[in-house]
Amino acid sequence: MSYCRQEGKDKIIFVTKEDHETPSSAELVADDPDDPYEEQGLILPNGDINWNCPCLGGMASGPCGEQFKSAFSCFHYSTEEIKGSDCVDQFRAMQECMQKYPDLYPQEDENEEKEKSSKDLEDTPVEASFAKEEKGSS
Amino acid sequence: MGVESSRRRRPGPEAEERLPGGGCVTGRRRRSGRNMAAAAPPQRRRRRRAGAREGVGGRGQWGAGRPRVRRGGGGGRSGSGRGEAGGAMLCCRLAALGARRRLRPLGPAAVLQCHHLRYPSRSLMSSGVPGKAGSNLLFYLIVGGTVTGAGAYVYKTLRENKERFTSRVTTITARSQENASSPSGAASRGSAAPEAHPEVPSHVPFLLIGGGTAAFAAARSIRARDPGARVLIVSEDPALPYMRPPLSKELWFSDDPNVTETLRFKQWNGKERSIYFQPPSFYVPARDLPFVENGGVAVLCGKKVVHMDVRGNMVKLSDGTQISYDKCLIATGGSPRNLPAIERAGKEVQQRLTLFRKVEDFKSLEKISRQVKSITVIGGGFLGSELACALGRRARTRGLEVIQLFPENGNMGKVLPEYLSNWTTEKVRREGVNVMPNAVVKSVSVSGNRLMIKLKDGRKVETDHIVAAVGLEPNVELAKSAGLEVDSDFGGFRVNAELQARSNIWVAGDAACFYDIKLGRRRVEHHDHAVVSGRLAGENMTGAAKPYWHQSMFWSDLGPDVGYEAIGLVDSTLPTVGVFAKATAKDTPKSATEQSGTGIRSESETEAEASEVPTSPSASPMPHVPKQGEDYGKGVVFYLRDKVVVGIVLWNIFNRMPIARKIIKDGEEHADLNEVAKLFNIHED
């Protein structure tokens, strides 16, 4: 059983699990998915890539940022059957750049980063092949 | 500037005041009666003259300039010698009227004016001496001479003032031109040396003043949005940009004996990271910044910006170097405050004091904690409590005594409601800290080789070292040279909702007093706010024009068993509603990081929001035995302002920040907050 106590201006309520089992009657305002002020995810409402997404970490802003952006954009807009198969050059350029900065882009985390960023593209059906593509080219 | 203009202003309005006011009318009348005034007997006039000159401030000037006007008797007394008493009365009335219309201090002068009423007989008497042409001539001469002299004096003063103002202005402009020319001279001399590139570029598109969290977040944001952007960070700190929260938390819990060198910490799940945002190879050398192909971020360490010229879009460093910019961010953060009692105490005490903020403070305090027997932390807020807990943990293994003093009733007294603050204080005590609430430091002195702290209530604390965590003073020295506004309520640079101070100048982080559309004007000193505001400033510097919208959060861990996350206005003076359940063994910060698979909660909130890691199976929960009274194991506390939730504390429940953010963003009035609390599922993990 829940009970309530008032200490001055502060109210304290203790609730049991059963008390909170009924669904909440609190109403929340519906969110506008196109609200320009809101923090956007990886893909913006107009389809562009949000390079400032916290999920990308520093990938788009580091020394290899330009190579990463071109490779990732190419992959994102690629309409090939095996998505990203026409982007091998960009990915190779990115790899070469990243190899110049081993402490920035540690080799074992590199594939994790790409897998993570590829996972965030909800609409891409062929993530597995993309990941395989990466492992193949490295 | 202010002095000059006020000095000039003072005569002005008063002169204007006189014209449209009653003085004008009477003045004209009086002017016409100039000769009449001369006809008045010398005695009365002298008295009135004295009265006129004794007037306060401008009145004296005014009176001196046109004594006839003051007398007004000229206007009233048309015709020499006729009805002088009546004229005197009229003069008095008019003077009083004029005085009332003028500033209040002139009142007494009006009274002085009318003192002649006390001696009507004399006036009447003096008026009854006609025909003395010789004395009349003498009188004319005296009056005329005085008037001319006074007029000349007034004119000279006004002239001098104007001259002084113009000369002052020219001096200032000349000085600023000198300053502009001499550093450019120095820079040109430097670049004339046989080097391909100067050490510091003379112009950068994006200049970030300050090398902390906000500046780094802005640099990252600018680089992400503007391809090939060239960003220069100028930092007074000799270290590259790093994050501060681990300095008072994770770094102290590390088992690595070399932690002060590596500044890396291993998290509960084994994942390790450095406090530095990026290793040195991330950054481009400053001299190559204008030339490197795809741009980059360069950091100038150990350099301070001392002067900012907003009109010329340039800054001057402490060594005289001058850098011009297109867009500038001020992220100067703050400096730790000190207690006046300690400042007065002398050098011996200062040597045993740490004002904790930077990496070197951590290094020195870590070393001291291994050498001394007793450390006192003054301050009961976030930093003080976290440091006390961190040191308290060491206390157990190394026999160190840790004392914490603060004026509030309990730890986090200004943040948490009283019942939670008391509960927190008990927890801190359990961490091995001797907590002394309601303690105000009166004086600190050295006795033997130890410090003696005397409190205002008479208690004495003997200790070896003091750590002062009594607040942060925002670094706003640049406001003066830049002509930027400083907020008087919260401190810091005053900026708008888009973090902009002037056309090309933005401010972010601890130093920014900004307008939060939902919660009003505020200044926030938390890590996530520095990240969010830095990122937003970077976006706006590249043309986004977005206001502060994504509400930042903060968190604190007081030992491994007590932790909370919070968002919005979390002020203990606001009325609160807390909804609690009983805690189980799973509800600790340790298990939160294990479940989310990230090293630090800061990372999980701000960096890898989109990541999902499968949660590891956890042991079956064991309910804690409630202590006497209630046990505030886990729950949610709502802070209300006019019945709207403006702040939320998630007490020992984690990974629910998005719902808390949503509730604050809605800004709705909820009738039953228990229903809102249901949204948090406080009974689950």
Side-chain angles (χ1 to χ4, degrees), chain A residues 2-31 35-39 41-42 49-67 69-70 97 100-105 112 116-117 119-120, chain B residues 219-225 227-228 277-282 284 293-294 296-297 417-419 531 535 538-539 546-547 549-550 573-582 606-612 630 632 635 637 662-663 665-668 670 672-679 681-683:
Chain A
S2 68
Y3 75 99
C4 183
R5 208 175 78 215
Q6 186 85 25
E7 270 189 26
K9 60 170 176 61
D10 303 318
K11 188 169 162 187
I12 311 169
I13 305 171
F14 283 90
V15 290
T16 61
K17 197 161 177 183
E18 293 73 37
D19 293 325
H20 268 200
E21 261 168 5
T22 54
S24 172
S25 63
E27 282 170 19
L28 298 177
V29 173
D31 267 336
D35 189 354
Y37 288 178
E38 280 293 336
E39 295 250 318
L42 183 64
I49 302 173
N50 176 19
W51 297 116
N52 209 7
C53 179
C55 58
L56 287 177
M59 293 293 286
S61 55
C64 301
E66 292 309 307
Q67 287 86 346
K69 279 188 205 174
S70 69
C97 176
K100 281 190 254 169
Y101 302 94
D103 47 349
L104 271 179
Y105 306 103
E112 277 176 35
K116 184 174 70 167
S117 48
K119 269 205 192 93
D120 296 323
Chain B
R220 195 179 263 193
S221 185
I222 293 169
R223 286 279 300 158
R225 288 173 54 89
F277 290 112
Q278 294 285 359
S281 52
F282 176 86
V284 164
E293 191 192 332
N294 287 325
V297 181
E418 200 179 331
Y419 60 95
V531 174
R535 197 187 308 149
E539 284 175 350
K546 283 165 59 173
W549 191 250
H550 177 87
T573 59
L574 294 173
T576 67
V577 174
V579 182
F580 291 91
K582 298 283 192 317
T606 61
E607 299 258 322
E609 285 175 16
S611 70
E612 272 178 39
E630 288 92 4
Y632 304 103
V637 184
K662 172 84 180 115
I663 291 169
K665 188 182 91 161
D666 284 350
E668 299 279 304
H670 294 276
D672 186 2
L673 285 167
N674 190 17
E675 295 295 320
V676 181
K678 280 186 188 172
L679 297 169
N681 291 322
I682 58 178
H683 298 275

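What you see is a predicted model; the values in this text were computed from it and never measured.
Counting heavy-atom pairs under 4.5 Å between each of Thr573(B), Asp672(B), Asp666(B), Asn681(B) and chain A puts Asp666(B) at the top. Interface summary for chain B: among Cys64(A), Pro63(A), Gly65(A), the most heavy-atom pairs under 4.5 angstrom belong to Pro63(A). Of the residues considered (Leu673(B), Val577(B), Val637(B), Val297(B)), Val577(B) shows the highest number of contacts with chain A, using heavy-atom pairs under 4.5 Å. The residue among Ala60(A), Gly41(A), Ser25(A) with the most heavy atom pairs within less than 4.5 Å of chain B is Ser25(A). Annotation: maximal heavy-atom pairing with chain A below 4.5 Å, among Pro575(B), Gly578(B), Pro280(B), occurs at Gly578(B). With respect to chain B, the highest number of heavy-atom pairs below 4.5 Å among Asn50(A), Leu28(A), Thr22(A), Ile12(A) belongs to Ile12(A).
For Glu539(B), the part lying under 4.5 angstrom from a heavy atom of chain A is the side chain only. In this structure, no portion of Ile222(B) lies under 4.5 Å from any heavy atom of chain A. The part of Lys69(A) that comes within reach of chain B is its side chain, from C-beta onward, which places non-hydrogen atoms under 4.5 angstrom from that chain. Heavy atoms closer than 4.5 Å to chain B are found in the backbone of Glu27(A), but not in its side chain.
The side-chain hydrogen bond (donor to acceptor under 3.5 Å, both in side chains) test applied to Asp31(A) returns Lys662(B), Lys665(B), not counting sequence neighbours. With sequence neighbours excluded, the residues forming a salt bridge (Lys or Arg N to Asp or Glu O under 4.0 Å) with Glu675(B) are Lys678(B), listed by chain and number.
If you take CZ on Arg220(B) and CG on Leu56(A), they are separated by 10.0 Å, rounding to the nearest 0.5 Å.
A heavy-atom distance below 4.5 Å is not found between the side chains of Arg223(B) and Trp51(A).
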(request) Could you give me the CA-CA distance, side-chain angles and deciding distance for His20(A) and Asn674(B), then say whether side chain to side chain contact (heavy atoms under 4.5 Å, CB included) is met? (result) CA-CA 9 Å; His20(A) 268 200; Asn674(B) 190 17; 2.9 Å; yes
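Distance alone, capped at 3.5 Å, is enough to place a donor-acceptor pair between the Lys9(A) side chain and the Leu574(B) backbone.
The aromatic rings of Phe580(B) and Tyr632(B) stand perpendicular to each other, their planes meeting at an angle above 60°, with 30° marking the opposite boundary.
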